[in-house]
Amino acid sequence: MTRNNNEGWPISVPSGRAPHKPFPPPLPQRLRGRKNPTMEEQQSTRNHVERKKGGLITMPFIFANEICEKIAVVGFNTNMISYLTKQLHMPLTKGANTITNFNGTASLTPLIGAFIADSYVGRFWTITVASILYQIGMISLTTSAVVPGLKPPPCKGGEICEEASGKQLGILYFSLLLTALGSGGIRPCVVSFGADQFDESDPKQGKKTYKYFNWYYFAMGASMLVAVTVLVYVQDNIGWGWGFGIPTIAMFLSIITFVLGYSIYRHLDPSGSPFTRLLQVSVAAFRKRKLEMVPNSTLLYQNHDIDDPISRDGKLLHTNHMRFLDKAAIVTEQDKVKVGEKPYLWNLNTVHRVEELKSVIRMGPIWASGIILITAYSQQYTFSLQQGTTMDRRLTDSFKIPAGSMSVFTLLTMLITIALYDRIFIPIARRFTGLDRGITFLKRMGIGLVISIFATLVAGFVERKRKHVALIHGLQDHPSSTIPISIFWLVPQYSLHGMAEAFMSIGHLEFFYDQSPESMRSTAMALFWTSISAGNYLSTLLVTLVHKYTAGPNGYNWLRNDNINKGKLENFYWLVTLLQVFNLVYYIVCAKMYTFKPLEVQRKVVDSSKVDEVQLVNPV
């Protein structure tokens, strides 16, 4: 076999000899004084040192942080439309857009947090500082809900409610900004930091990674379940001071719990800006765009010394896609460097770095396919919630289920689906596919997209039923009256959204973590959240356009601010359904064309979609 030396020139390597591997960690102090410690002693000691860090023992600390953080986030976010419309007296469409804009911003800031984590300070400190920022934002929001002067006075009788002043909205937006910045550091790093605790080079630990994502989402869902039941009840029946105060306390506990586990975490050092590396490859390829392509990929430049810090799990192998980028790794007379010297990376890059850029580009179309699903999902917290407030919410003569708690059915269905998927579906599917994870994450995502289509389709029919009952009982012109139709008619749409999330969102997480370059995993998690951001912004745009272009005489509108009973909300749901159908077709085409990244582990090449295989499989 052949490979390139540090200058980029091909050299022969005996076929029985493994390719270059990163230097092992230094020996502990007790062995340094010995002239010739045996290999067994060295390996045993290193294994002992490595086992002290990471592994399952860290999961209680990380999951405890995630549970408390999610209680804070969801408890703050789930019923926010009620706070904005009933406490700050915002119009419905303005309140809905405020929420989706906030969710969009909070899902966009992870790009900043991921950049800082991957480039400079690592994931632990990024999570810690971001959590403190989130804590300050929660304290500010809780204060504004308690102090009378920081919110408008309550509505009186038939008078027009006074909207929040500019100062009061300023405090609200400042609090939301701090929580959005905090989310930017927490969201992309917690998931990948937890996955980092499993050493993928260890066969026993590597197989646990795909299970970790199911465990992670299950813990997250359980905490969200508490938030949408207990906290929403507190907000509706006790007060917004306690409703925001409890999540604030939960956030404080999450910070303490997370920091306590510092000494047992497996910390991976930041490896420099991934965006700089991607830009360097792009610039080098552009500068050499007029060069003829080399006849053999083995002639492309490789340098293990500069690639080892960003490829602990193995080097990315050359692929034949996007070959114009390979020109960044062509060695010219001006590029020749001496052994041990680092090349000028704006002119010459290694194959591994070129493949990093290719991997990111290949993920783009799959990333985009998740946007419209979030647009559909976000309607639960705006229009579906408003539907619920007009329906019969009685469980008993003395207890009414809060409309904001209907998302409990989304979470319960998601948790049940995850449990059944992990315990029943995966073992059965494994017998047919031979994959540890049962089916590829691409197929898992596709199933989620199909289910989401049915969720919005059903939502439209339920809305027609709700309006029909209102018309029969003469309540169409009384938006504040309770329509005699049970709120449990909304259960199917909420449950279908939960089932779709169990397939699509977890599959999306697996996809980004598995297919991203090793040194860009926080950035990859940020990509997951940016798809959520784009979905929320698309929802805002869609609501704004529909509200504008469906307006007619006498207040006619699909999305009416004053009376949802006289609108055409079902048409809006079916418009989202149609967009999802188009998106599914797009996704199927992208999934068929997608090529899994090839990874070199010592002398073995594995396709990352099939962890147990030790040879390069044909692209899927």
Side-chain angles (χ1 to χ4, degrees), residues 81 92-93 96 100 372-394 401 403-414 416-417 447-479 481-504 535 538-539 542-543 545-547 549-550 552 556-561 563-585:
I81 188 70
L92 175 59
T93 53
T100 52
I372 192 66
L373 179 132
I374 300 302
T375 300
Y377 185 86
S378 64
Q379 307 315 315
Q380 294 179 92
Y381 301 105
T382 52
F383 295 114
S384 295
L385 192 148
Q386 285 301 114
Q387 287 176 280
T389 59
T390 68
M391 302 170 80
D392 184 0
R393 297 182 284 119
R394 290 177 298 173
I401 180 173
S405 288
M406 286 302 293
S407 54
V408 69
F409 294 102
T410 301
L411 297 171
L412 276 174
T413 305
M414 183 184 75
I416 293 170
T417 303
I447 295 172
L449 292 176
V450 171
I451 297 172
S452 182
I453 291 174
F454 286 101
T456 48
L457 182 66
V458 168
F461 286 110
V462 171
E463 172 61 6
R464 291 194 69 173
K465 173 67 176 178
R466 187 193 69 84
K467 286 169 54 182
H468 179 68
V469 174
L471 181 62
I472 291 175
H473 289 84
L475 298 174
Q476 194 173 29
D477 295 317
H478 302 278
S481 299
T482 299
I483 301 172
I485 178 175
S486 173
I487 194 173
F488 292 105
W489 275 85
L490 298 177
V491 170
Q493 66 197 64
Y494 277 97
S495 297
L496 286 169
H497 277 302
M499 191 179 299
E501 185 175 10
F503 281 92
M504 176 63 187
L538 179 59
S539 177
L542 199 59
V543 168
L545 292 177
V546 168
H547 186 69
Y549 290 107
T550 62
Y556 174 84
N557 201 298
W558 283 13
L559 306 174
R560 291 188 59 151
N561 285 320
N563 188 351
I564 192 175
N565 297 333
K566 300 184 75 173
K568 292 287 185 180
L569 181 57
E570 67 273 19
N571 290 351
F572 178 74
Y573 281 136
W574 290 334
L575 174 62
V576 175
T577 301
L578 183 62
L579 292 175
Q580 289 195 93
V581 171
F582 292 146
N583 182 64
L584 177 63
V585 175

Main-chain N/O of L457 paired to T577 side chain as donor or acceptor, under 3.5 Å: yes
Candidate pair T550 and N557, rule side-chain hydrogen bond (donor to acceptor under 3.5 Å, both in side chains), full reasoning: CA-CA 5 Å; T550 62; N557 201 298; 3.0 Å; yes
Within 6.0 Å of CZ in F454, more than 12 heavy atoms from elsewhere: no
Euclidean distance, D392 CG relative to I483 CD1, rounded to 0.5 Å: 10.5 Å
Side chain proximity check, Q493 to Q380, heavy atoms < 4.5 angstrom: no
Atom pair OG (S481) and CD (Q476), whose distance is rounded to the nearest 0.5 Å: 12.5 Å
Side-chain H-bond candidate by donor/acceptor type, R560 with N565, under 3.5 Å: no
Beyond-backbone contact of F488 with V491, side-chain heavy atoms, under 4.5 angstrom: yes
Straight-line distance of L411 CG to F409 CZ, nearest 0.5 Å: 11.0 Å
Heavy-atom closest pair, residues D477 and N563: CA-ND2, 3.8 Å
Between CH2 on residue W574 and CG on residue L579, distance to nearest 0.5 Å: 15.0 Å
Trace of the side-chain contact (heavy atoms from CB on, under 4.5 Å) decision for I564 with R466: CA-CA 11 Å; I564 192 175; R466 187 193 69 84; 3.8 Å; yes
Over all atoms of both residues, closest heavy-atom pair of T389 and A403: CG2-CB, 3.7 Å
Interatomic distance, L542 atom CG to L559 atom CG [nearest 0.5 angstrom]: 8.5 Å
Derivation and outcome, side-chain contact (heavy atoms from CB on, under 4.5 Å), residues L490 and I487: CA-CA 6 Å; L490 298 177; I487 194 173; 4.0 Å; yes
Non-hydrogen side-chain atoms of T417 and E501 separated by less than 4.5 Å: no
Any donor-acceptor N/O pair, T456 side chain to I453 backbone, under 3.5 Å: yes
Any side-chain donor near an acceptor of the partner, Y377 and S539, under 3.5 Å: no
Donor-acceptor pair between S452 and Q580 side chains, under 3.5 angstrom: yes
Side-chain touch F383/V543, heavy atoms, less than 4.5 angstrom: yes
Pairwise distance CD(E463) to CZ(F572) - rounded to 0.5 angstrom: 12.0 Å
Test item: H497 side-chain N/O and T410 main-chain N/O as donor-acceptor pair under 3.5 Å: no
Ring centres under 6.0 angstrom apart (W489, Y494): no
Derivation of the side-chain contact (heavy atoms from CB on, under 4.5 Å) call for M391 and S486: CA-CA 6 Å; M391 302 170 80; S486 173; over 6 Å; no
Closest heavy-atom pair and its distance - P484, L475: CD-CD1, 3.7 Å
For E570, the option from R464, K467, K465 that meets side-chain hydrogen bond (donor to acceptor under 3.5 Å, both in side chains): K467
